[in-house]
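In what follows, a structure is listed as structure tokens, so that the remarks can point back to it.
Here is how names work: the chains are called A, B, and so on, in the same order as the sequence lines, proteins then strands, and each is numbered from 1. Here the structure is a predicted model, which means the values were calculated and not measured.
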Number of protein chains: 2
Amino acid sequence: MTASPTPRVTIKDVAARAGVSKGAVSLAFNHKPGLAEATRDRIFAAARELGWEPSVSARSLAGARVDVVGLAICRPARLLGLEPFYMDFISGVESVLTEHSCSLLLRLVRSLEEEVGLQESWWKGRIIGGAILVDLRADDPRVPAVERLGMPAVAVGHPSLAGGLTAVWTDDATAVTEAVRYLSALGHRRIARVGGAVALGHSGIRTAAFDEAARGVGLVGVSQVATDFSGDEGARATRSLLSVSGSERPTAILYDNDIMAVAGLSVAAEMGLSVPGDVSLLAWDDSQLCRLTRPTLSAMSHDVHGFGVDVARTLFGVIGGGAESHPVATPVLVPRGSTAPPKG
Amino acid sequence: MTASPTPRVTIKDVAARAGVSKGAVSLAFNHKPGLAEATRDRIFAAARELGWEPSVSARSLAGARVDVVGLAICRPARLLGLEPFYMDFISGVESVLTEHSCSLLLRLVRSLEEEVGLQESWWKGRIIGGAILVDLRADDPRVPAVERLGMPAVAVGHPSLAGGLTAVWTDDATAVTEAVRYLSALGHRRIARVGGAVALGHSGIRTAAFDEAARGVGLVGVSQVATDFSGDEGARATRSLLSVSGSERPTAILYDNDIMAVAGLSVAAEMGLSVPGDVSLLAWDDSQLCRLTRPTLSAMSHDVHGFGVDVARTLFGVIGGGAESHPVATPVLVPRGSTAPPKG
DNA sequence: AATAGGGACTTTACCGGTTCAGTAAGTGGT
DNA sequence: ACCACTTACTGAACCGGTAAAGTCCCTATT
């Protein structure tokens, strides 16, 4: 990547044109005191006429701030396109960054080790001013690594996973409990859950909460399946759950995202089971998708875009000297057409 | 964004530790000739021991290449989360960048003017080594701007929109024609199209192609509606198209993306029309979504991930000295459950 | 009138790399 | 034994900014 831009216009040219020194131009552009109003104007005029803007490289080399935030995602590339969650989350982050004239440096990685190396080189290379860590796991190697670097960061996940980093999280345990209570209140005794990758910290939290909530309301048949979040695995899991003979078959299924719930819906249809008559389905994340199906999908609704916004704001807080860990609004149950009391 | 990293280790430290000059370290790290094997090894060992990596800022200031590719997207942030297209496209781009140890600099912008300014400052600030331009319009202001900067770029869109830039595009006209011919062959005489934003260049191309293809096969009732690509507008458009009285009502609808097609499916259901009995629906972009609905959606299928891959490869070609404009594979029709001959 | 203080700039020393013109030692040919 | 050529490496200039220290001049104070 070489390629030469049009003859480079630098701070020197601007200074010359405005009849001042480089230092003066620097002062003007950083809104620092010590310049006469008239001079300032002359400098800006000169810069505008020459189409100059400060080189970020030079600036950051000289020890100024960096206007980029890093986000590495460790999931297979093809899955990302399908999950409404990430794009929605990212768009929330972006909307805050944009206000601050910041950009997002995005990178897909294949392993956490790779991500650790990446964050380190981004930070050491002064490319980013802070980072967002997603998909936190138990004993996540990124946490100590980022702490050691002293890089401002926000960990998206429960504080128990985030070590000393500032964390922003959704209270999955409470939400799962609410979901289970709701289904139980409708009369369901046999509830299954199609969960996400076990490696992820929040999967563990949800799994434990589901078990506990199920015990709490005295459910009899409880089963949980782990998947990779894809529609295909969601369909497969649903098929295996619903293939159980009559009275053992779950009458309600809770999904960890909406893609899998949509897949579950068509599996039910293909097996000749009616939703919500024979089986109730409850989605998670509630993107627009849930309102586009027949029946519409009840979901644990969650403002993912707003989540991204909150995380980005928090990161700016951390960079600016400190921000507290905090949960975002707990997902709320939005009943729609896919949940009802079990038949009989 | 200030915050100081752990005491900085620089090239000087590495040089001192290896007992050579800065220049030698630079040579080693850029794999340039003129160093003895033993010295090279000593330098790398020293660097590893100190955990050093070259500062990108300093490096790019000193005139080396940049390992970042820019991508600005000009659509409302909330819409992005819903469109499988972009995330899929991006994941394709990423997968190539990763091979080259490059990162993607992503930014949502609100207007093309803002994007022009952004690309300019990214380029002038030596932040990016090249860019990808998406959502090309007629007389797109970004094209001359990028050409003037002399920045390597790939325009995603028909060459007629791309000026002198290297373009990569899908042959929408042929695909639309194929879709129309297919529906016509099934016996449909009254076909509607729910298109995307009129401002986008490819919408114009599809609209024109649709008209021409319709004329070509002698259709009688043809109507096209423009939307913003969202499920809501897709639903609204479908509702208004299907509200027409009996014999005037279209018997087939072609959508510009899959989200709208899914929305159309539930509108049909809510209006008591059977798919494909009363009306056939044909989607575009064919994400996993199309296989998750009942009936499954026939679609103009398109390897979006692969499209991203191709675009990224082409960009590296451009940066490396030249690459030809070329189309990617034309979307192919994948018939599924939502299309059939009209009743009667 | 002498001095202190402050505003408005300029000077200069980096920041951490790259690059290129040297230079010193080694090799081979005659 | 001398010269021409490599090979391996050093030193210094430079990239485009920032920041701290320095200069100059003008006004207010004692």
Side-chain angles (χ1 to χ4, degrees), chain A residues 1-43 46-47 50-67 121 123-127, chain B residues 1-44 46-47 50-67 121-127:
Chain A
M1 288 206 189
T2 45
S4 56
T6 38
R8 217 97 210 290
V9 22
T10 80
I11 198 174
K12 219 183 309 182
D13 305 315
V14 177
R17 169 142 212 171
V20 296
S21 69
K22 297 200 303 172
V25 177
S26 177
L27 289 182
F29 263 75
N30 292 297
H31 303 103
K32 300 213 169 162
L35 279 188
E37 206 51 49
T39 315
R40 215 174 273 276
D41 292 346
R42 249 189 15 260
I43 292 174
L50 294 173
W52 176 76
E53 23 193 328
S55 144
V56 178
S57 310
R59 177 179 265 185
S60 81
L61 215 206
R65 79 224 159 286
V66 185
D67 289 337
S121 82
W123 175 248
K124 289 192 177 170
R126 296 259 176 156
I127 301 186
Chain B
M1 291 208 187
T2 45
S4 57
T6 38
R8 217 99 212 289
V9 24
T10 78
I11 198 174
K12 219 183 307 183
D13 306 314
V14 176
R17 170 139 209 172
V20 296
S21 68
K22 298 203 300 174
V25 177
S26 178
L27 288 182
F29 263 74
N30 292 296
H31 302 103
K32 300 212 171 165
L35 279 187
E37 207 50 49
T39 315
R40 214 173 274 276
D41 291 346
R42 250 189 14 262
I43 292 175
F44 280 120
L50 295 173
W52 174 76
E53 23 193 328
S55 145
V56 178
S57 310
R59 177 177 266 187
S60 81
L61 216 208
R65 79 216 159 291
V66 185
D67 288 337
S121 82
W122 275 352
W123 175 248
K124 289 191 176 169
R126 296 254 177 163
I127 301 185

Starting from [atom2] on [N], measure out to [atom1] on [X] and report it in whole angstrom.
{"X": "Leu50(B)", "N": "dG16(C)", "atom1": "CG", "atom2": "C1'", "result": "15 Å"}
{"X": "Asp13(B)", "N": "dG17(C)", "atom1": "CG", "atom2": "C1'", "result": "13 Å"}
{"X": "Ile43(B)", "N": "dG17(C)", "atom1": "CD1", "atom2": "P", "result": "13 Å"}
{"X": "Asn30(B)", "N": "dC20(C)", "atom1": "CG", "atom2": "P", "result": "12 Å"}
{"X": "Leu61(B)", "N": "dC15(D)", "atom1": "CG", "atom2": "C1'", "result": "5 Å"}
{"X": "Ile11(B)", "N": "dC14(C)", "atom1": "CD1", "atom2": "C1'", "result": "16 Å"}
{"X": "Trp123(B)", "N": "dG16(D)", "atom1": "CH2", "atom2": "P", "result": "14 Å"}
{"X": "Arg59(B)", "N": "dC14(D)", "atom1": "CZ", "atom2": "C1'", "result": "17 Å"}

Handout entry: Distance, nearest 0.5 Å, that separates CG of Leu35(B) from CG of Leu27(B)
Key =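 Going from the CG atom of Leu35(B) to the CG atom of Leu27(B) covers 5.0 Å.
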Exercise for the section: First locate atom CZ of Arg59(B), then atom CG of Asn30(B), and finally report the distance between them rounded to the nearest 0.5 Å. Expected result: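 Output value for this atom pair is 5.0 Å.
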Handout entry: side chain to side chain donor-acceptor pair (under 3.5 Å) against Ser55(A), all qualifying residues, sequence neighbours excluded
Key =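 Listed in chain order: nothing, the list is empty.
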Handout entry: Partners meeting side chain to side chain donor-acceptor pair (under 3.5 Å) with Arg40(B) (sequence neighbours left out)
Key =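 Applying side chain to side chain donor-acceptor pair (under 3.5 Å) to Arg40(B) gives none.
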Practice task
Scan Thr10(B) against the nucleic acid and name what it touches under 4.0 Å (heavy atoms): base, sugar-phosphate only, or nothing.
Solution key: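 Sugar-phosphate only.
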Practice task
Output all residues satisfying side-chain contact (heavy atoms from CB on, under 4.5 Å) with Thr39(B), sequence neighbours left out; order by chain, then residue number.
Solution key: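 side-chain contact (heavy atoms from CB on, under 4.5 Å) check on Thr39(B) returns Val20(B), Ala36(B), Arg42(B), Ile43(B).
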Exercise for the section: Name all residues meeting the side-chain contact (heavy atoms from CB on, under 4.5 Å) criterion together with Asp13(B); count only those two or more places apart in sequence or in a different chain, and write none if there are none. Expected result: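 Only Val9(B), Thr10(B), Leu50(B) meet the side-chain contact (heavy atoms from CB on, under 4.5 Å) criterion with Asp13(B).
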Polar pairs (N or O, both sides) under 3.5 Å between protein and nucleotides 9-13 of chain D?
residue, atom, partner, partner atom, Å
dC9(D), OP1, Thr39(B), OG1, 2.4
dC9(D), OP2, Ala36(B), N, 2.6
dC9(D), OP2, Thr39(B), OG1, 3.1
dT10(D), OP2, Ser21(B), N, 2.9
dT10(D), OP2, Ser21(B), OG, 3.0

Handout entry: Considering all heavy atoms, the nearest Ala46(A)-Ala18(A) contact
Key =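 Where Ala46(A) meets Ala18(A) most closely, the heavy atoms are CB-CB, 3.9 Å.
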Exercise for the section: Rounding to 10 degrees, work out the angle separating the end axes of the helix from dA1(C)-dT30(D) to dT30(C)-dA1(D) (five pairs an end). Expected result: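 Taking five pairs per end, the axes differ by 50°.
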Practice task
Report the relative orientation of the aromatic rings in Phe29(B) and Phe44(B); use parallel for angles under 30°, tilted for 30 to 60°, perpendicular for over 60°.
Solution key: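 It falls in the tilted class, 30° to 60°.
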Problem - Nearest to side-chain heavy atoms of Lys32(A), which nucleotide of dA19(D), dG17(D), dG17(C) - result: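 Output: dA19(D).
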Exercise for the section: May I ask you to evaluate whether Trp52(A) reaches the phosphate of dG16(D), defined as a side-chain N or O under 4.0 Å from OP1 or OP2? Expected result: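 Answer no for this pair, as no side-chain N or O of Trp52(A) is under 4.0 Å from OP1 or OP2.
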Problem - Residue pairs passing the salt bridge (charged side-chain N to carboxylate O under 4.0 Å, His left out) test where at least one lies in residues 20-38 of chain B, sequence neighbours excluded - result: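 Checked against salt bridge (charged side-chain N to carboxylate O under 4.0 Å, His left out) - neighbours excluded - no pair reaches residues 20-38 of chain B.
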